[in-house]
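Below, read A as the first sequence line, B as the second, and so on, with proteins coming before strands; counting in each chain starts at 1. Values below: all heavy atoms of this structure, side chains included; hydrogens, waters and symmetry mates excluded.
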Protein chains: 2
Amino acid sequence: MAPFRVTLADVARRAGVSRTTASFVLSGRTDMRISPDAQRRVHEAAAELGYRPNQTARSLRTHVTRTIGLISDTIATTQFAGEVIHGALDTALERDYLLLVAETSGDPVAEKKLVDEMLDRQVDAVVYAMMYTKPGHPPGSLSGLPVVVLNGIEESFGGPRILPDELGGGRTAARALVDAGHRDGIYAIGGRHRTPEAPDGVYAGRLRMQGVDEVLADAGTSIAGAYECAWEPEHGYDGMLSLLDDGHRPKALVCLNDRLALGAYQAMQERGLRVPDDVSVVSFDDSDLASWLRPALTSVALPHYELGKTAVATLLDGTSERRLVAVPMPLRSRDSIRMVPATAG
Amino acid sequence: MAPFRVTLADVARRAGVSRTTASFVLSGRTDMRISPDAQRRVHEAAAELGYRPNQTARSLRTHVTRTIGLISDTIATTQFAGEVIHGALDTALERDYLLLVAETSGDPVAEKKLVDEMLDRQVDAVVYAMMYTKPGHPPGSLSGLPVVVLNGIEESFGGPRILPDELGGGRTAARALVDAGHRDGIYAIGGRHRTPEAPDGVYAGRLRMQGVDEVLADAGTSIAGAYECAWEPEHGYDGMLSLLDDGHRPKALVCLNDRLALGAYQAMQERGLRVPDDVSVVSFDDSDLASWLRPALTSVALPHYELGKTAVATLLDGTSERRLVAVPMPLRSRDSIRMVPATAG
DNA sequence: CCGTCTTGCTAAATCGAGTTAGCACGCTAA
DNA sequence: TTAGCGTGCTAACTCGATTTAGCAAGACGG
């Protein structure tokens with residue numbers, strides 16, 4: 001069943017040296033005085049036999065598996081996890097690491113089991129990822145192992161936390177509107193997303209809105225109105241209709257994510273409003289949806305891939321003393337914002 | 001750095017037996033005659049110390065790692081991979097297996113590297129997944145290991161292949177329309193999706209259309225027209241406009257995936273056609289999009305989760321002689337199909 | 001009283017690497 | 001001639017489990 005594998009002993013035999021010597025040569029230890037000739041013979045034998053060290057055996061001795069655990073609460077929903085895994089894997093593979101991937105589905109029992117399984121396999125380090133910014137911290141059994149938290153906003157966790165720069169993202173979104181000349185009639189849909197657990201609003205909502213407010217203030221204006229609601233398409237639809245029914249006439253819309261923008265598009269289409277001619281729209285996340293909508297949506301991207309890369313890099317470099325790493329959220333400009341003549345302040 | 005770990009020797013010492021005896025007891029070998037009293041002491045010691053076997057050490061001896069490699073060409077795009085991983089992981093974890101996840105990005109060099117890394121870590125088996133049904137087979141270095149191919153339509157591969165039952169899915173879609181009373185004016189958008197590589201059409205396209213044709217024929221009717229194109233939103237948009245401009249008046253639409261349906265929705269909205277009052281729509285994939293559209297889209301689901309589960313189960317059961325496993329595509333009924341009075345054949 | 005069988009256990013080998021301690025040889029210097 | 005030293009290499013141990021081979025003590029039969 002298991003394919004035949006060349007061992008170090010095979011290499012040593014063919015090179016006419018001991019296993020010890022072969023090991024020294026192949027692990028590049030210069031402190032052990034091996035003649036150039038013997039080195040050459042070992043390297044040749046290894047190349048000819050296509051030798052690759054058995055990582056399991058090596059791990060037993062060295063306690064290093066070159067394997068990182070990636071634990072997330074949810075893999076399935078949205079493309080988030082896919083891109084995070086992709087980024088994490090690329091960075092891991094650059095350094096000959098591999099990823100054990102698992103998800104807890106938010107279930108502590110499942111989490112315990114899967115953390116135990118990872119510990120049994122001696123993972124070197126763990127990325128503990130949450131699919132959106134929220135409280136949460138790795139279980140105690142992971143203490144003693146290098147861990148970074150991705151998207152965790154619980155400050156009690158002592159290790160590095162990797163987060164999207166939501167504040168900067170909010171600024172970027174507002175700047176996109178301001179740069180296009182918008183000053184009046186700028187509305188927000190979604191807002192801070194207050195929930196029973198987060199009465200001040202969800203982390204991303206708070207910071208995005210704060211960034212928007214700052215930039216608008218700098219431009220000598222402010223939000224004309226905000227519709228506070230949850231962040232699914234139906235709420236965007238309801239929110240836009242509600243604004244219009246209340247007599248508001250938005251000229252620009254900040255949708256707190258792309259799904260809300262989809263809902264708002266649907267509502268505007270029903271009411272005969274055209275994007276961007278009547279209403280400019282800027283949004284967040286840059287999901288697939290953004291490029292599918294007509295007109296395509298200008299959106300401030302969640303840097304999933306970069307988050308994954310940064311998480312693994314932070315683990316493997318280890319030198320970073322930073323406890324909080326904010327990853328920039330870049331603007332993806334498309335067709336949903338119209339240039340308008342700037343109005344005098 | 002590495003957390004303190006209890007070893008088998010610790011357990012044996014505390015139970016007052018040899019490591020050999022402890023090993024026999026804990027691995028439940030009944031052929032070795034251990035007294036009930038000794039068994040009890042070993043179990044107690046293990047429980048009290050919280051002993052868990054070091055899987056690395058065990059693997060070195062047994063050549064079994066209880067770890068499965070999941071290699072896919074693309075993880076990021078669509079939710080496909082996320083759900084596949086989810087299903088695969090659930091089934092793996094049930095049996096105390098874990099998943100090493102990696103993606104090739106379609107790059108043979110990356111693929112070689114990552115396959116080598118997996119082999120170095122002695123994975124027990126591999127799921128070789130493609131994100132949509134297409135040709136492709138695992139590299140030769142994986143021969144000698146149990147491998148299943150997910151979504152691969154290359155028949156030359158000798159092992160089990162797991163595929164969505166596209167033919168059945170096509171039938172299901174058509175039946176949804178027929179059951180609602182539709183007989184005339186049934187159009188398809190997307191069609192077989194012929195490409196230079198697949199002049200007869202993409203695998204999914206061919207089989208879905210075949211299933212549709214069969215059911216319509218059984219109902220004494222047939223497709224009124226099909227717009228052949230690629231499967232992105234813009235093509236759905238163009239396709240629908242093109243049909244209307246050519247004087248067609250569809251009463252029902254089979255969109256070969258949800259993104260095409262999104263495009264078709266956009267076109268219909270521009271032309272003042274209403275779903276489902278003027279046009280019923282059925283689609284494939286059941287992506288997030290399907291539930292976001294207004295009205296929500298009835299769609300034949302790609303069973304991603306089940307595909308992942310089935311792939312791992314097939315690997316671990318090993319007994320299945322089936323070379324081809326077709327996983328059913330269930331209908332997700334929503335609001336895009338209207339009941340119409342059946343016309344006499 | 002001796003040989004044989006069963007019961008209940010353990011010493012030692014093994015997996016495939018990495019690592020420590022030290023040996024044999026030749027050269028130099030006293 | 002012999003101690004001392006550097007060079008170039010290897011024997012043996014280690015990691016933490018599994019597994020093979022076999023030992024000691026008691027029971028039993030003749």
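Atom pair A:Arg13:CZ and C:dG16:C1' shows a separation of 13 Å (rounding to whole Å applied). If you take CE of A:Met32 and C1' of C:dC23, they are 13 Å apart, rounded to a whole angstrom. Regarding B:Gln122, its CD atom lies at a distance of 13 Å from the P atom of C:dC15, rounded to whole Å. Atom CG in B:Asn54 sits about 13 Å away from atom C1' in C:dC15, given to the nearest Å. Nucleotide C:dC9 holds its P atom 7 Å from the CZ atom of B:Arg41, rounded to whole Å. To the nearest angstrom, C1' of C:dG16 lies 13 Å from CG of A:Leu26. When the P atom of C:dT19 is taken as reference, atom CD1 of A:Ile34 falls 14 Å away, rounded to whole Å. C:dC23 atom P lies 14 Å from atom CZ of A:Arg33, rounded to whole Å.
Qualifying ring pair (Phe, Tyr, Trp, His ring centres under 6.0 Å) partners for A:Tyr305, counting only residues two or more places apart in sequence or in other chains: A:His86.
Relative to the side chain of A:Ser23, the nucleotides C:dT19, C:dT10, C:dG16 differ in distance, and C:dT19 lies closest.
Checking the phosphate oxygens (OP1, OP2) of C:dC9, a side-chain nitrogen or oxygen of B:Ser35 falls inside 4.0 Å. Contact check, B:Thr20 against C:dT10: no side-chain N or O comes under 4.0 Å of OP1 or OP2. Between A:Tyr51 and C:dA17 there is a side-chain polar atom (N or O) within less than 4.0 angstrom of OP1 or OP2.
Between the side chains of B:Arg121 and B:Thr67, no donor N or O sits under 3.5 Å from an acceptor N or O. Using a 3.5 Å distance cut-off with no hydrogens or angles, the side chains of A:Thr21 and A:Ser18 do pair a donor with an acceptor. Between the side chains of A:Thr104 and A:Asp73, no donor N or O sits under 3.5 Å from an acceptor N or O.
For the helix from C:dC1-D:dG30 to C:dA30-D:dT1, the angle separating the two terminal helix axes comes to 80°, with each axis derived from five pairs and the value rounded to 10°.
Taking the charged nitrogens against the carboxylate oxygens, B:Arg13 and B:Asp10 do have a contact shorter than 4.0 Å, which makes a salt bridge. Salt bridge status for A:Asp37 with A:Arg40: present, with a side-chain N to carboxylate O gap under 4.0 Å.
Nearer the 5' end of DNA chain D, as judged by each residue's closest nucleotide, is the contact made by B:Leu60, out of B:Leu60 and B:Phe24. Comparing B:Arg61 and A:Arg19 along DNA chain D, the residue whose closest nucleotide (by nearest heavy atom) sits nearer the 5' end is A:Arg19.
B:Leu8 comes within 4.0 angstrom of a nucleotide base, judged by non-hydrogen atoms across all strands. Looking at heavy-atom distances under 4.0 Å, B:Arg58 makes contact with sugar-phosphate atoms alone, never a base. Residue A:Thr62 is classed as a sugar-phosphate contact, given heavy-atom separations below 4.0 Å to backbone atoms only.
Put simply, the side chain of B:Pro53 does not reach to within 4.5 Å of the side chain of B:Leu26, judged on heavy atoms. The closest side-chain heavy-atom distance from B:Val126 to B:Leu315 is not below 4.5 Å. For the pair B:Arg5/B:Arg52, a side-chain contact is recorded, criterion being any heavy-atom separation below 4.5 Å from C-beta on.
Taking the 5' to 3' direction, DNA chain D first and last meets chain A under 4.0 angstrom from a heavy atom at D:dT7 to D:dG16.
Judged by distance alone, the side chain of A:Ser59 and the main-chain N or O of A:Val64 form a donor-acceptor pair under 3.5 Å.
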